[in-house]
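Have a look at the structure below, then the notes.
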Amino acid sequence: MSQSTQPVVVCGGGLAGLSAAVTALEAGAEVTLIEKSPYLGGTALLSGGTLWTFKEYDKIRELIPAGDPALQWVVHDTLPGARAWLQGLGVKFEDIGQMLHVGHGHVMDPVGAIGLLGARFKAIGGQLHLETGLHSLVMREGVVTGVRALHDGRIHDITAGAVVIATGGFQGNPELLGRYVLREPNNLMLRSNYWSTGDGFIAATQIGAAASPGLNTFYGHALAAPPARVDNTQFREAGQHHGRLCVAINMNGERFADETESTGEEAINQALAHQPGGLCFYVMDDDHMEQMSMQGRGALIRVILARCQKIGATVLQADTLETLCAAMALHGVPEARALATLKDFNAALEGGRADELRPARLGNRKPLRKPPFRAIHVKAAITFTMGGLAVDERARVLWRSGTTSHYAPVPTERAFVDQSAQGEGASTAIGHFYRQMPVQGLYAAGNDVGNISHFAYMGGLASALTMGRNAGRNAATLASVRKRVP
Ligand SMILES: Cc1cc2nc3c(=O)[nH]c(=O)nc-3n(C[C@H](O)[C@H](O)[C@H](O)COP(=O)(O)OP(=O)(O)OC[C@H]3O[C@@H](n4cnc5c(N)ncnc54)[C@H](O)[C@@H]3O)c2cc1C
């Protein structure tokens with residue numbers, strides 16, 4: 001392929017990849033999109049379609065302080081414009097609604113949105129290769145110049161002016177999960193498309209790209225545990241979403257985390273993954289039944305339990321906590337220990353000693369009082385890995401190795417002030433910096449970008465859409481410069 005026809009190559013055709021591809025096309029680039037599966041859409045096709053993030057940027061920083069502030073800003077600041085762009089393509093949104101207790105968003109039909117993006121991509125000249133997966137990256141003199149793609153068992157080289165990696169994270173790869181997230185990857189059910197096995201992360205880190213902080217954190221919701229039968233069209237039926245309202249009892253009969261921590265169910269779900277078998281019972285009383293699973297959106301808990309029973313989930317019901325624990329014992333939970341845990345929980349809340357509970361219970365301090373009591377057997381599940389590639393605010397993937405310098409960084413460079421290296425009274429503006437420079441020609445978007453959400457969650461579709469647009473725009477600019485200056 002000659003220098004004058006170098007395309008932007010986008011790897012992954014989910015919401016992030018499609019947004020990058022269409023944005024790059026609209027900016028005048030030639031674009032080739034490779035997608036490993038037989039269809040476009042990735043996890044967005046399975047999603048609820050709520051395009052949301054926090055209302056206030058300061059609240060993001062308060063609740064997700066370990067996330068990257070610049071990337072969080074990009075998502076928060078560019079989401080309204082990106083949504084308007086989707087509307088311009090014909091995507092319809094419901095009116096704005098509350099999401100969890102800190103966010104707001106608009107619901108779209110995700111299947112329709114992916115269809116419109118795919119149609120737009122083809123209409124303005126995009127080249128699509130389905131069942132074609134990113135295998136590795138091609139480099140020349142430190143610059144990414146293309147990709148090696150696997151199709152039908154054979155490797156094909158595709159030359160690129162710029163490459164966007166949007167392969168959706170590594171939740172489908174037990175080896176990477178075992179290395180970075182938890183010792184027992186089998187403790188996790190996969191609540192995502194099947195294809196996101198970390199190919200983008202592996203290809204980029206193989207050429208020396210940096211991994212982000214937060215590799216051990218992930219987003220997901222507990223699912224009804226086996227024998228419930230959950231295929232990938234049933235994630236929403238089998239998803240619990242109400243962990244923060246329950247008392248979670250592991251297979252040792254113990255509470256193991258503050259069920260109410262963080263913005264939704266992601267904290268208790270992450271803690272659950274580290275419990276034996278990734279299993280627990282969510283225990284609730286009758287007052288729970290008419291509550292919504294998540295503040296503002298979601299289903300009544302009564303509806304969630306009924307749906308889960310239909311797919312074979314273990315849902316127990318009893319008139320006393322004693323008989324509920326006896327029923328849990330038939331599923332392997334030590335009866336006396338579970339009963340002591342529930343009674344201690346109630347006694348602490350009823351006796352004004354809630355602060356003494358260990359693990360803590362900072363929110364939803366209601367004892368289990370009103371029979372009948374219910375317990376559903378649930379298992380931890382992963383939707384996407386929150387860690388991934390280290391990326392700057394222009395979606396450029398960064399080198400792992402940096403250089404140290406005593407000069408203040410230019411704004412587009414990533415810099416970490418090494419406080420220990422600064423002498424007494426040293427200026428914070430000019431300190432001892434560790435600089436990570438961008439890998440020329442390599443961008444990332446969506447779940448392949450690490451450290452936007454970090455332990456707590458600020459919206460997957462919003463991150464995919466905004467970082468996809470960002471990567472597509474910047475990749476197109478670079479590809480056009482490379483065309484003019486061989
Ligand atoms: C049940 C459910 C409900 C959800 N609801 C919401 C919601 O309401 N709101 C919200 O914000 N988020 C929601 N999410 C999360 C959201 O869907 C994801 O965060 C988002 O779709 C991720 O987009 P992505 O483009 O990064 O990844 P994906 O959509 O997963 O796309 C990645 C694509 O890359 C492809 N791929 C993988 N490897 C390769 C390779 N080597 N080469 C080429 N292609 C490759 C995959 O096949 C896939 O098509 C939900 C998720 C689930 C499962």
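All ligand and atom numbering here is 1-based and tracks the order in the structure. The model shown is predicted, which means the values in this text are computed figures rather than measured ones.
- If you look at Ala166 next to ligand 1, the close heavy atoms, those under 4.0 Å, all belong to the backbone.
- Contact analysis leaves Asp448 out of contact with ligand 1, as no non-hydrogen atom separation drops below 4.0 angstrom.
- In the vicinity of Arg236, heavy-atom distances shorter than 4.0 Å reach the ligand 1 atoms 1 (C).
- Using a 4.5 Å cut-off on side-chain heavy atoms (C-beta onward), Arg307 and Gln234 make no contact.
- The shortest contact between atom 41 (N) of ligand 1 and any protein heavy atom is with Asp199 OD2, 2.7 Å.
- Test Arg191, His221, Glu266 against Thr383 for side-chain hydrogen bond (donor to acceptor under 3.5 Å, both in side chains) and you get one pass: Arg191.
- Note on residues 42-56: no pairs pass salt bridge (charged side-chain N to carboxylate O under 4.0 Å, His left out), not counting sequence neighbours.
- Checking only distances, Asn193 does come within under 3.5 Å of ligand 1, N or O to N or O.
- In terms of protein heavy-atom proximity, atom 26 (O) of ligand 1 is nearest to Asn447 N, 2.9 Å.
- For the pair Asp258 and Arg361, the salt-bridge criterion is not met [side-chain N within less than 4.0 Å of a carboxylate O].
- Put simply, the side chain of Gln270 reaches to within 4.5 Å of the side chain of Thr217, judged on heavy atoms.
- If you check each of Leu134, Leu15, Val10, Ile202 against atom 40 (C) of ligand 1, the one with the closest non-hydrogen atom is Leu134.
- Here is the list of ligand 1 atoms found below 4.0 Å of a heavy atom in Phe384: 19 (O).
- Here the protein heavy atom with the shortest distance to atom 50 (C) of ligand 1 is Ser47 CB, 3.5 Å.
- Residue Leu46 has at least one heavy-atom neighbour below 4.0 Å for each of these atoms of ligand 1: 1 (C), 2 (C), 3 (C).
- In terms of protein heavy atoms, atom 31 (O) of ligand 1 is closest to Gly14 CA, 3.3 Å.
- A salt bridge does not link Glu265 with Arg244: none of the charged nitrogens is closer than 4.0 Å to a carboxylate oxygen.
- No side-chain heavy atom of Leu389 sits less than 4.5 Å from a side-chain heavy atom of Leu442.
- The proximity of Tyr219 to ligand 1, defined as any non-hydrogen pair under 4.0 Å, does not occur for either the backbone or the side chain.
- When hydrogens are left out, the protein atom nearest atom 25 (O) of ligand 1 is Ala16 N, 2.9 Å; that is the closest non-hydrogen contact.
- Smallest separation of non-hydrogen atoms from Val74 and Met467: CG1-SD, 3.8 Å.
- At least one heavy atom of Tyr457 sits closer than 4.0 Å to an atom of ligand 1.
- Listed by number with element, the atoms of ligand 1 under 4.0 Å from a non-hydrogen atom of Gly133 are 40 (C), 41 (N), 42 (N), 43 (C).
- Using the six-membered ring where Trp is involved, Phe201 and Phe170 have ring planes that are tilted, between 30° and 60° apart.
- Residue Thr132 has at least one heavy-atom neighbour below 4.0 Å for each of these atoms of ligand 1: 43 (C).
- Between Gly48 and ligand 1, at least one pair of N/O atoms sits closer than 3.5 Å.
- Contact annotation: the side chain of Leu215 never approaches that of Thr385 to less than 4.5 Å [non-hydrogen atoms, C-beta and beyond].
- Counting protein heavy atoms only, atom 23 (O) of ligand 1 is closest to Ala464 CB, 3.6 Å.
- Taking the side chain as every heavy atom from C-beta outward, Thr314 and Pro227 approach each other to under 4.5 Å.
- Annotation: Gly17 places no N or O atom under 3.5 Å from an N or O atom of ligand 1; distance criterion only.
- The ring-ring contact (aromatic ring centres under 6.0 Å, His included) analysis of residues 43-76, with sequence neighbours excluded, yields the pairs Trp52-Tyr457, Tyr57-Trp73.
- Here is the list of ligand 1 atoms found below 4.0 Å of a heavy atom in Phe235: 1 (C).
- Of the candidates Thr50, Thr383, Val107, the one placing a heavy atom closest to atom 7 (C) of ligand 1 is Thr50.
- By the criterion of a heavy-atom distance under 4.0 Å, neither the backbone nor the side chain of Leu51 is placed next to ligand 1.
- Polar contact check, Leu461 against ligand 1: a nitrogen or oxygen pair lies under 3.5 Å apart.
- Scanning His135, Lys36, Glu35 for the heavy atom closest to atom 35 (C) of ligand 1 points to Glu35.
- Below 4.0 Å from some heavy atom of Gly446 lie the following atoms of ligand 1, by number and element: 26 (O).
- Heavy atoms of Gly41 approach ligand 1 to within less than 4.0 angstrom.
- Contact of the Leu86 side chain with the Leu117 side chain is registered, since non-hydrogen atoms from C-beta on lie closer than 4.5 Å.
- Between Gly125 and Leu25 the shortest heavy-atom distance is C-CD2, 4.2 Å.
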Report task. Give the intermediate values and the outcome of side chain to side chain contact (heavy atoms under 4.5 Å, CB included) for residues Leu137 and Val439. Result -> CA-CA 12 Å; Leu137 293 163; Val439 180; over 6 Å; no
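- A donor-acceptor pair shorter than 3.5 Å cannot be found between the side chains of Glu30 and Thr32.
- Distance from atom 28 (P) of ligand 1 to its nearest protein heavy atom, with residue and atom name: Thr43 N, 3.5 Å.
- Near Ile34, meaning under 4.0 Å from one of its heavy atoms, ligand 1 places the atoms 43 (C), 44 (N).
- The shortest contact between atom 27 (O) of ligand 1 and any protein heavy atom is with Gly168 CA, 3.5 Å.
- Nearest heavy atoms, Cys280 versus Leu272: CB-CD1, 3.6 Å.
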